[in-house]
There are 2 protein chains.
Amino acid sequence: MTMKNNENTLHLGEFLPYRLSVLSNRISRAIADGYEEQFQLTLPEWRVMAVLGGEPDLSAAQVAERTAMDKVAVSRAVNKLLESGRLERHFSPEDKRRSVLALSEEGQKIYREVIPIALGYESKILDKLSEPEKLTLMSLLNKLEDIQLHADEN
Amino acid sequence: MTMKNNENTLHLGEFLPYRLSVLSNRISRAIADGYEEQFQLTLPEWRVMAVLGGEPDLSAAQVAERTAMDKVAVSRAVNKLLESGRLERHFSPEDKRRSVLALSEEGQKIYREVIPIALGYESKILDKLSEPEKLTLMSLLNKLEDIQLHADEN
DNA sequence: CTATATTAGTTTCATTCGTAACTAATTGCA
DNA sequence: TGCAATTAGTTACGAATGAAACTAATATAG
């Protein structure tokens with residue numbers, strides 16, 4: 001019979017949320033180091049570019065959805081990308097509030113350069129796992145992503 | 001034959017680092033929501049308490065090691081915890097720079113109250129997994145934590 | 001010894017981030 | 001129509017963060 005951890009102490013090194021946080025930060029930082037300096041690109045900016053590179057002509061709100069960023073973060077990243085000429089913005093004729101965002105030529109160029117860097121790091125990680133381990137990892141992530149953590153927050 | 005993703009686009013939703021980041025942030029945020037308001041405790045403060053609760057009389061540098069926080073973050077968290085009376089600090093007689101940190105009575109009380117909240121969230125997650133899945137998850141985390149992401153940075 | 005280098009921890013400063021308030025455009029409904 | 005409610009995106013502001021400079025204490029080399 002397996003007993004659940006019910007001690008009066010908590011060991012961070014075995015605490016799932018802590019381990020995920022440290023691991024995730026380490027990976028994100030490593031990847032960002034791979035493009036931040038070279039392309040003067042922050043992580044939120046790269047996320048916006050990553051989405052628009054695969055699916056152009058989204059509104060800021062749609063970008064926010066797909067990146068799990070909040071709309072303020074998207075707004076800021078979009079504006080920096082506009083200033084640096086990596087993004088083009090139009091506004092929808094039907095709804096003059098809604099922006100229509102797409103990578104500029106320059107933005108696409110950078111996008112194509114950063115992708116292999118990002119995928120390279122991912123491979124560096126995934127290559128350490130066997131094929132069945134990769135499949136399990138993906139299936140575990142799917143499950144974990146589905147979990148409802150809050151009581152309810154309509 | 002399984003082909004590796006070698007496309008000219010990147011789908012964030014399938015990109016491991018992105019998925020880990022979103023998942024980890026969601027979990028950390030949920031847990032922090034469970035104690036921040038109730039105990040006026042930020043995540044870095046809680047991490048410091050969590051370490052000292054299980055292993056008292058550490059120096060700030062040792063706390064930094066064990067929490068994967070940097071020394072500035074530890075210094076700030078420690079000072080806020082001192083102000084709120086949750087931590088006691090002495091200085092080592094052999095080395096008057098080195099602090100010796102431990103939870104105060106009040107700190108221990110809070111520590112004992114927060115632990116079940118934190119573990120509760122962890123269980124909420126782990127309970128969705130089968131026993132073999134949990135084992136695989138732990139073994140995958142062990143492997144991923146071992147990966148060396150940087151070329152070399154002496 | 002004494003000058004230099006190193007270490008522990010703090011402070012400073014510039015940037016980032018999140019929340020809330022705001023503006024402008026659109027929708028809905030009376 | 002016309003006015004309240006909603007939506008897209010921005011701005012403002014305080015808190016959190018990170019890097020670098022700093023202070024005090026200790027270790028080390030000559």
Side-chain angles (χ1 to χ4, degrees), chain A residues 21-22 24-26 28-30 32-33 36-37 40-48 51-52 57-84 87-102 153-154, chain B residues 21-22 24-26 28-33 35-37 40-48 51-52 57-84 87-102 153-154:
Chain A
S21 166
V22 171
S24 157
N25 286 336
R26 202 159 63 88
S28 292
R29 187 94 311 277
D33 286 349
E36 276 185 348
E37 197 181 286
Q40 298 296 321
L41 199 57
T42 65
L43 192 140
E45 290 173 67
W46 165 243
R47 285 203 176 151
V48 169
V51 161
L52 291 172
D57 298 331
L58 298 175
S59 70
Q62 293 173 312
V63 170
E65 268 180 40
R66 286 163 177 72
T67 53
M69 294 163 69
D70 80 74
K71 63 180 185 169
V72 177
V74 171
S75 171
R76 285 196 266 243
V78 163
N79 280 300
K80 284 208 274 170
L81 291 170
L82 286 169
E83 278 168 37
S84 51
L87 224 62
E88 279 169 10
R89 175 166 61 181
H90 301 94
F91 288 92
S92 162
E94 301 96 59
D95 184 341
K96 285 175 243 158
R97 294 169 308 179
R98 180 171 284 113
S99 56
V100 177
L101 303 165
E153 55 187 87
N154 294 318
Chain B
S21 165
V22 171
S24 159
N25 286 338
R26 203 159 63 88
S28 293
R29 187 93 313 278
I31 300 181
D33 287 348
Y35 59 71
E36 275 185 348
E37 198 182 284
Q40 297 296 321
L41 199 56
T42 64
L43 192 138
E45 290 172 65
W46 165 242
R47 285 206 175 149
V48 169
V51 161
L52 292 171
D57 299 331
L58 298 175
S59 71
Q62 292 174 312
V63 170
E65 268 180 41
R66 286 162 175 72
T67 53
M69 292 162 70
D70 78 74
K71 63 180 185 170
V72 178
V74 171
S75 171
R76 286 196 264 245
V78 163
N79 280 301
K80 283 207 277 172
L81 291 169
L82 287 169
E83 278 168 37
S84 51
L87 224 61
E88 280 168 10
R89 174 168 59 185
H90 300 94
F91 289 90
S92 162
E94 302 97 58
D95 183 340
K96 286 176 240 157
R97 294 168 306 178
R98 181 171 283 111
S99 57
V100 178
L101 304 164
E153 56 188 272
N154 290 322

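Letters A, B, ... are given to chains in the order of the sequence lines, protein chains preceding strands, and every chain is numbered from 1.
- When distances run from any side-chain atom of B:Ala61 to the nucleotides C:dG9, D:dA16, D:dC13, the shortest one goes to C:dG9.
- Residue A:Asp70 contributes atom CG, which lies 15 Å from atom P of D:dT11 at whole-angstrom precision.
- Per the geometry, CG belonging to A:Leu81 stands 16 Å off C1' belonging to D:dT10, to the nearest Å.
- One finds a side-chain N or O of B:Ser99 lying less than 4.0 angstrom from the OP1 or OP2 phosphate oxygen of C:dG9.
- Remark: C1' of C:dT10 and CG of B:Leu101 are 14 Å apart, rounded to the nearest angstrom.
- The phosphate of C:dC17 (OP1 or OP2) has no side-chain N or O of B:Arg29 nearer than 4.0 angstrom.
- Between A:Trp46 atom CH2 and C:dT16 atom P the separation is 19 Å, expressed in whole Å.
- Residue A:Ser75 places at least one side-chain N or O closer than 4.0 Å to OP1 or OP2 of D:dT10.
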| task | Dump the intermediate steps for side-chain contact (heavy atoms from CB on, under 4.5 Å) on B:Gln62 and B:Asp57, then the final yes or no. | result | CA-CA 10 Å; B:Gln62 292 174 312; B:Asp57 299 331; over 6 Å; no
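- Distance CG/A:Leu52 to CZ/A:Arg66: 9.5 Å, rounded to 0.5 Å.
- Rounded to whole angstrom, the span from the NE2 atom of A:His90 across to the P atom of D:dG9 amounts to 15 Å.
- Judged by distance alone with a 3.5 Å cut-off, a donor-acceptor contact links the side chain of B:Arg76 to the base of D:dG18.
- Summarising the geometry, atom CD belonging to B:Glu83 is positioned 6.5 Å from atom CG belonging to B:Asn79; distances are rounded to the nearest 0.5 Å.
- Here the options are A:Val100, A:Val51, A:Leu101, the test is side-chain contact (heavy atoms from CB on, under 4.5 Å), and the partner is A:Leu58; only A:Val51 passes.
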| note | Per-nucleotide protein contact along nucleotides 20-28 of chain D, 5' to 3', at a 4.0 Å heavy-atom cut-off (B base, S sugar-phosphate only, - neither), is B---BBS--
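- Put simply, CD on A:Glu65 is 15 Å from C1' on D:dG9, counting in whole angstrom units.
- To the nearest 0.5 Å, the span separating CD on B:Glu65 from OG on B:Ser59 amounts to 7.5 Å.
- Atom CG in A:Leu43 sits about 15 Å away from atom C1' in D:dG18, given to the nearest Å.
- A donor-acceptor pair shorter than 3.5 Å cannot be found between the side chains of B:Thr42 and B:Arg76.
- If you measure from atom NZ of B:Lys80 to atom C1' of D:dA15, you get 8 Å, rounded to the nearest angstrom.
- In this structure, CG in B:Leu43 is found 3.5 Å from OH in B:Tyr35, a value given to the nearest 0.5 Å.
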